[in-house]
Protein chains: 2
Amino acid sequence: MKFEAATIKDIAKALGLSVSTVSRALRDSYEISEATKKRVRDYARQINYRPNPVALSLKEKRTLSIGVVVAEIANTFFSQVINGIESIASKKGYNVIISQTKESYEREEQILEYLTSRSIDGLIISVSSETEDFSRLEALHSKGLPIVFFDRVVDEIKTHKVITDNLSGVYEATRHLIRNKYKRIAAIANSPTLFITKERLEGYKKALEEHNMIYNPALVKYCAHGGLEPEEVRRVLSELLAEKQKPDALVLLSDKITTETLRILKEKNIQVPNEIGIIGFSNSDYTSMMSPSVSIIRQRAFEMGEISATLLFSLVESKRKVTDFELVSLAPEVIIRESSQK
Amino acid sequence: MKFEAATIKDIAKALGLSVSTVSRALRDSYEISEATKKRVRDYARQINYRPNPVALSLKEKRTLSIGVVVAEIANTFFSQVINGIESIASKKGYNVIISQTKESYEREEQILEYLTSRSIDGLIISVSSETEDFSRLEALHSKGLPIVFFDRVVDEIKTHKVITDNLSGVYEATRHLIRNKYKRIAAIANSPTLFITKERLEGYKKALEEHNMIYNPALVKYCAHGGLEPEEVRRVLSELLAEKQKPDALVLLSDKITTETLRILKEKNIQVPNEIGIIGFSNSDYTSMMSPSVSIIRQRAFEMGEISATLLFSLVESKRKVTDFELVSLAPEVIIRESSQK
DNA sequence: TTGTACGCGTTATCAG
DNA sequence: CTGATAACGCGTACAA
């Protein structure tokens, strides 16, 4: 069944005017008499006329839509970012088209292929953990599609980027564990190919080095799909706990990994913070309500969305080619609670 | 700056053909010679030609986009529903345009006004808690816009609806509290105007009646904005705790209210489940990891999204006017944990 | 003050 | 086999 709506032509016919007169009357052009304007406006209201945005888009070569690509919508961090993006976009009169990669490069390719064939005016993206080939993004970017990266940014592509100051966040978190007498601090990270993974691990290493603790690669584990595959966190956690000298603390380097780890520790009845100390990325309010309450590195997700959207619109609305790009780095909140203090 | 892409016309010019020939060649029409087809296809690939979806939309009177309207994206329940919707939509080759009402009728009006001026082929909506006037939705619906309601459905409008079996969920939850010797069971609900609020309270009343407990209106409180306004949950909770005979258990009738209540109880250091028993709607995995773990009524959110989307596409793709509508009622999972058993 | 014609990108129809 | 033209809905330069 089709959804039919009135057009300018319908109004013109009904009122015995030409379409251009109607068009001008509706846009309140000075060339149209008040009498005609009134007739047109009254009739338009009566039949509830709305201009067809598709026709406008075709004409103006813009869609008033932006695309947002994230790994998973139902992830607190991403949904908060989307919240921020939507808040700005709706004020600007733009639609927000959401897609999720589920951490798959293939899906990401499909989405980009699909979205960017001119159905969006700009793109805000956090790449999937599998993505290592940025050529399609690069191609789109060099063709003039405005792109803003957030969270999982692509170093090679020169455009606006909004990230958390991952290094200091993790540095601070790790340092805190060290000061609380944890001796064997392990890290569970997202895919090693992600830029943010590298940054976060830098923070971890920096804290260890500054406190003369040796960096032991055996204590660093990766989840290629950021914990989205059900068993990957469980596997690396088992590996860690099976070490001869098993770790006494964990730094969890992504939201999903934090959630999964907490679930597994609870299930295995491992005592936090005594048996193992925990601090990790999380944007869930529930971490404060748990017992023990969970120490977290909290990203300014809503703000990140707002800033990303604002930067994107500055690109979209810019008349000239922008060559000066911003790298916005937001300080995370490192919130110390019970899970990291024995 | 604009994002320019190649068109059929560019190909035609470059190859010295007419646009119609190029169009047909690309669509592999039988009337075109293999040689020409090959030339066109090769060149199209070379310049990375993609048909302009906006032009297609104008011609075909469809946008391959659906609109999704929820109260708040960053709410676990809604983000899980959106996840389900997106999963189906992406398979069907549809874009998902997301908007949030933030529980405001005014915003909902704006969104509908905007979205439905032919930029979407169908709408999936859970109305805002403020919405009492459904005339715009009704108008859109009777004009032929396919609509599917989920969660907060509109009784008056005849179309597909997907809901949780709210009554039995709450009935079962309340009965469970009664069987666990709770005597003064209060309920905190979303706006009294919402259909689901009525249903949920029916479940509450039914359980009380069946166990010969008197229904005391003083023990039922409402949050007009579903807990989105920061202080509303705190206020009603204070009122309840100030009752001469204060309640010894709470049934929390929406996700947001459950989260807020748990936060406040923790803050006030009120002992759960002894001082007060808790069971409430929640779709957050964290409820299982809290201490005490929280008993919940869990909606099948992802599934609800999948079903809503499937039903919507059946409407969108239907050739004739559909008059036979489904009301899908999904059984919630009532998960009994520690917070409701003293 | 109002109307005609064109173009945005595409496909369908009709001509050749 | 290929090309010209109309149409989708709109806004605007140009004509009247």
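Numbers restart at 1 for each chain; the letters A, B, ... are given by sequence-line order, proteins then strands. Source: prediction; values computed, not measured.
Rounded to an integer number of Å, the gap from A:Ile47 CD1 to D:dG9 P is 13 Å. Whole-Å rounding puts the B:Glu31 CD to C:dG16 C1' distance at 13 Å. The OH atom of A:Tyr30 sits 11 Å away from the C1' atom of D:dA13 (whole-angstrom rounding). Rounded to whole Å, atom P of D:dT12 lies 13 Å from atom CG of A:Asp28. If you measure from atom CG of A:Leu17 to atom C1' of C:dT1, you get 11 Å, rounded to the nearest angstrom. Remark: P of C:dA12 and CG of B:Leu26 are 13 Å apart, rounded to the nearest angstrom. Rounded to whole angstrom, the span from the NZ atom of B:Lys13 across to the C1' atom of C:dT10 amounts to 16 Å. B:Arg62 places its CZ atom 11 Å from the P atom of C:dT11, with the value rounded to the nearest Å.
Nucleotides of DNA chain C nearest to B:Val19 and A:Gly16 differ in position, and the one nearer the 5' end is that of A:Gly16. For A:Val22 and B:Ile8, each mapped to the nucleotide of DNA chain C holding its nearest heavy atom, the one lying further toward the 5' end belongs to A:Val22. Of the two residues contacting DNA chain D, namely A:Thr21 and B:Ala55, the nearest-nucleotide position lying further toward the 5' end is that of B:Ala55.
Separating the CZ atom in B:Arg24 from the NZ atom in B:Lys37 is a distance of 11.5 Å, to the nearest 0.5 Å.
Other residues, nucleotides and ligands place no more than 12 heavy atoms under 6.0 Å from the CD atom of A:Glu106.
Within 4.0 Å of B:Ser20, counting heavy atoms only, lies at least one base atom of the nucleic acid. Within 4.0 Å of A:Thr36, counting heavy atoms only, lie sugar-phosphate atoms of the nucleic acid but no base atom. Using a 4.0 Å heavy-atom criterion, one finds that B:Tyr49 contacts the sugar-phosphate atoms exclusively. Note on A:Ser33: only backbone sugar-phosphate atoms sit closer than 4.0 angstrom, heavy atoms only; bases stay farther off.
Each of D:dT12, D:dC10, C:dT2 was ranked by its minimum atom distance to the side chain of A:Thr7; first place goes to D:dC10. Comparing D:dT12, D:dG9, C:dG9 by their nearest atom to the side chain of A:Asn52 picks out D:dG9. With distances taken from any side-chain atom of A:Leu58 to the nucleotides C:dC8, D:dC10, C:dT10, the minimum falls on C:dC8. Candidate nucleotides C:dT10, D:dC1, D:dC8 were compared by shortest atom distance to the side chain of A:Lys9, and D:dC8 ranks first. You'll find that the side chain of A:Lys59 is closest to C:dC8, out of C:dA12, C:dC8, C:dT10. For A:Ser23, the listed nucleotide lying nearest its side chain is D:dG11; candidates were C:dG3, D:dG9, D:dG11.
In this structure, A:Ile196 and A:Val153 have side chains that are not in contact, with every pair of non-hydrogen atoms separated by 4.5 Å or more.
Electrostatic pairing of A:Arg62 and A:Glu317 does not count as a salt bridge here, judged by no charged N lying under 4.0 Å from a carboxylate O. Between A:Lys102 and A:Glu72 there is no salt bridge, since no side-chain nitrogen of the basic residue lies less than 4.0 Å from a carboxylate oxygen of the acidic one.
Although no hydrogens or angles enter the test, the distance criterion places a donor-acceptor pair under 3.5 Å between the side chain of A:Thr310 and the main chain of A:Glu306.
Within the 4.0 Å cut-off from OP1 or OP2 of C:dG7, not a single side-chain nitrogen or oxygen of A:Lys61 is found. Here B:Lys37 does not reach the OP1 or OP2 of D:dC1: none of its side-chain N or O atoms lies under 4.0 Å away.
For B:Arg24 against D:dG3, a side-chain N or O and a base N or O form a donor-acceptor pair under 3.5 Å.
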